[in-house]
Amino acid sequence: MKRISFIKQEFIIIVVALIVILTISLIFSFKHVTTATFKKGYVTGYVYGDSIGYERGNSHGDSTGFARGFDTKYNDLIEIDKVFQDLKYSFQPSLQYSQIIGKIAEIGSNNTNKESIEFSKILNSIHTGLIDYLANNFDLNEKDKKQILAKYHQQSIEINQLAYQEMVELNESSILPKEKSIFQRRNIEGINNFDKVLAENACKIVNLFISTLDIKPYSTFFIKTISSEVCPYFLGKAIRPLIIELKRRAIIEDYAEAKYEITQQISNRIAQFATAQVQTNTSLDYSFAKQIDLHWLGKYKFTSEVKAEASAKTKAGFDFMQQFSLEIDHRLERIIIHLPEPYITSHELDLKILDIHEPWCVDIGPDQLNAINKDLRKQLLHEAEYNTTLLNDAIDSAEDILKVIFSPIATSMPYPYSVVIQFGARESKVLIDHSDMSLESFLSL
């Protein structure tokens, strides 16, 4: 009994000790969690722009700072999105698209002061246009707009020079060292690089625009947020449409510049290699009759017989002096090739006379042998052209060469056009099908 009593007392002491230890642990854990939460509320309230959450987190340790700060910032972003969705004016550069595309890909090829100046002209045109875009959409008066433009011009040399150096490095790494092929990516690569440079510079314009504004009713949502949050909306609304159009036209330029090289390769390779050959054989018996009047004996017919054997090698190819055209349809995203019908390029006959039977009065001479040669040539040519796959083999050979020529399109261009081929008046066919790829889907990446 004493043993049992002792165990019960010891058990009670252990339980009490555990309760005390657990209570102390909970007190310290609560204090730690509360302190961390207060600190998080304080910091997050500040980061997310909620002044109430920030103050309460700082002076009272109110953990609602995080929630209030997050909610406030979320509402700010919704307001920014709505403002940019409702903008009245769209951004249009003062320079023509072709002027931009033509010069961008050349940046870094010379790396001269003149090249830098030309690039600065492009940037200044776009940057001042962006300032006009913001000023017009947010109803700035002329005084405020001039103030922002003046501040930009003070900084433009430094901004543009940094952008130029970055553009040179990007172009040197992505354009200049690449091996030339019939499908050049120079223009689209240049615009891809320009996209990166312009995105950074556009955010600088947003910074400049916001920092120059006084607090006014129309700019309140700008002032209480930071430009890094406004910039994505700005890039999406103003810059993205410009870049998409530049990329679309750059791709068209790349294809257009490659058209001459494509045409030359097609004509040279197909004329040289797209030939087909067939061998045909036959053997025939020929007879040549001659009627002789023997006067008092009457008229008699004498016949000579010839056994002949012949084989012919017939080749077919293409004559590019006839119809040949290459069209790049950017609307349908197709390269359309129209080739002439294949034709017989050569027909070589090998004639063997196996046996000649001549009566005394009917000779087999050159005229008879020429007649045999001519007849066999005609028959074997007809056989090759209409009773063999010679012409279709030439077409198949041409198609194989075209696939080889156009296979680099998948790697040399951002996305390939489909290739359509038509021979003469035959029905056209899709030789390489890339209809599942889309320019719009590529540009939206």
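These numbers come from the heavy atoms of this one structure, side chains and all, not from hydrogens, waters or symmetry mates. Every value quoted in this text rests on a predicted model; they were computed, and no experiment measured them.
- You'll find the side chain of Phe273 stays beyond 4.5 Å of the side chain of Asn268, heavy atoms only.
- The closest side-chain donor-acceptor pair between Ser174 and Asn192, if any, does not fall under 3.5 angstrom.
- A search for ring pair (Phe, Tyr, Trp, His ring centres under 6.0 Å) contacts involving His338 returns nothing, not counting sequence neighbours.
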**Request:** Could you give me the CA-CA distance, side-chain angles and deciding distance for Phe194 and Ile101, then say whether side-chain contact (heavy atoms from CB on, under 4.5 Å) is met?
**Result:** CA-CA 10 Å; Phe194 189 54; Ile101 295 169; over 6 Å; no
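- Applying the 6.0 Å contact sphere to NZ of Lys315 captures no more than 12 heavy atoms from other residues, nucleotides or ligands.
- With 3.5 Å as the limit, one finds a donor-acceptor pair spanning the side chains of Asp375 and Gln379.
- Ring-centre distance between Tyr417 and His434: not below the 6.0 Å cut-off.
- Within a 6.0 Å radius of CD1 in Ile157, other residues, nucleotides and ligands contribute 12 heavy atoms or fewer.
- For Tyr260, the OH atom sits in a loose shell: 12 or fewer heavy atoms of surrounding residues, nucleotides or ligands are nearer than 6.0 Å.
- His330 and Tyr255 share no donor-acceptor pair across their side chains, judged by distance under 3.5 Å alone.
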**Verdict with supporting geometry, Asp254 and Arg185, salt bridge (Lys or Arg N to Asp or Glu O under 4.0 Å)** = CA-CA 6 Å; Asp254 281 329; Arg185 292 176 56 101; over 6 Å; no
**Request:** Begin from the C-alpha positions of Lys103 and Glu115 and carry the test salt bridge (Lys or Arg N to Asp or Glu O under 4.0 Å) through to its verdict.
**Result:** CA-CA 9 Å; Lys103 293 175 181 176; Glu115 188 178 79; over 6 Å; no
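- Tyr164 pairs by the ring pair (Phe, Tyr, Trp, His ring centres under 6.0 Å) definition with nothing, not counting sequence neighbours.
- When the ring pair (Phe, Tyr, Trp, His ring centres under 6.0 Å) test is applied to Phe318, the partners found at least two apart in sequence or on another chain are Phe423.
- The side-chain heavy atoms of Glu189 and Leu170, taken from C-beta on, include no pair separated by under 4.5 Å.
- Considering only heavy atoms from C-beta on, Ser428 stays 4.5 Å or farther from Ile421 through its side chain.
- In this structure, NZ in Lys204 is found 11.5 Å from CG in Leu198, a value given to the nearest 0.5 Å.
- No side-chain heavy atom of Glu333 sits under 4.5 Å from any side-chain heavy atom of Ser418.
- The structure places CD1 of Ile405 at 11.0 Å from CD1 of Ile335, a figure rounded to the nearest 0.5 Å.
- Within the 4.5 Å cutoff, side-chain heavy atoms of Leu349 are placed close to those of Leu380.
- Within the model, atoms CD of Glu166 and CD1 of Ile107 stand 13.0 Å from one another, a figure rounded to the nearest 0.5 Å.
- Under a 3.5 Å cut-off, the side chain of Asn110 and the backbone N or O of Thr112 do not form any donor-acceptor pair.
- You'll find the side chain of Leu431 reaches within 4.5 Å of the side chain of Lys403, heavy atoms only.
- The shortest side-chain heavy-atom distance between Asn201 and Ile205 does not fall under the 4.5 Å cut-off.
- In this structure, Lys307 pairs ionically with Asp285, as a charged nitrogen and a carboxylate oxygen lie closer than 4.0 Å.
- Residue Glu142 holds its CD atom at 13.0 Å from CD of Gln147, rounded to the nearest 0.5 Å.
- Between Arg249 and Ser98 the shortest side-chain heavy-atom distance does not fall below 4.5 Å.
- Side-chain contact, Asp433 with Ser435: a donor N or O sits under 3.5 Å from an acceptor N or O.
- Within 6.0 Å of the CZ atom in Arg377, the count of heavy atoms belonging to other residues, nucleotides or ligands exceeds 12.
- To the nearest 0.5 Å, atoms CG (Leu339) and CG (Asp319) are separated by 11.5 Å.
- Tested against Thr280, the residues Glu383, Glu385, Lys313, His382 include a single side-chain contact (heavy atoms from CB on, under 4.5 Å) partner, Glu383.
- In this view, Phe324 and Phe320 satisfy the ring pair (Phe, Tyr, Trp, His ring centres under 6.0 Å) rule, not counting sequence neighbours.
- The backbone N or O of Leu369 sits nowhere less than 3.5 Å from a side-chain atom of Asn373 that would complete a donor-acceptor pair.
- Using a 4.0 Å cut-off between charged side-chain N and carboxylate O, Arg186 and Glu106 make a salt bridge.
- Although no hydrogens or angles enter the test, the distance criterion places a donor-acceptor pair under 3.5 Å between the side chain of Ser156 and the main chain of His153.
- A donor-acceptor pair is defined here as one N or O able to donate and one able to accept, closer than 3.5 Å; such a pair exists between the side chain of Lys259 and the backbone of Leu326.
- Looking at Ile337, Val430, Leu402 one by one, the single match for side-chain contact (heavy atoms from CB on, under 4.5 Å) with Val419 turns out to be Ile337.
- Within the structure, side-chain hydrogen bond (donor to acceptor under 3.5 Å, both in side chains) contacts touching residues 346-357 (residues at least two apart or in different chains) are Thr314-His347.
- Residues in residues 405-432 take part in these salt bridge (charged side-chain N to carboxylate O under 4.0 Å, His left out) pairs, two or more places apart or across chains: Glu341-Arg426, Glu399-Lys429.
- Of the N and O atoms on the side chains of Asn124 and Ser120, not one donor lies less than 3.5 Å from an acceptor on the other residue.
- The distance from atom CD1 of Ile191 to atom CG of Asp195, rounded to the nearest 0.5 Å, is 9.0 Å.
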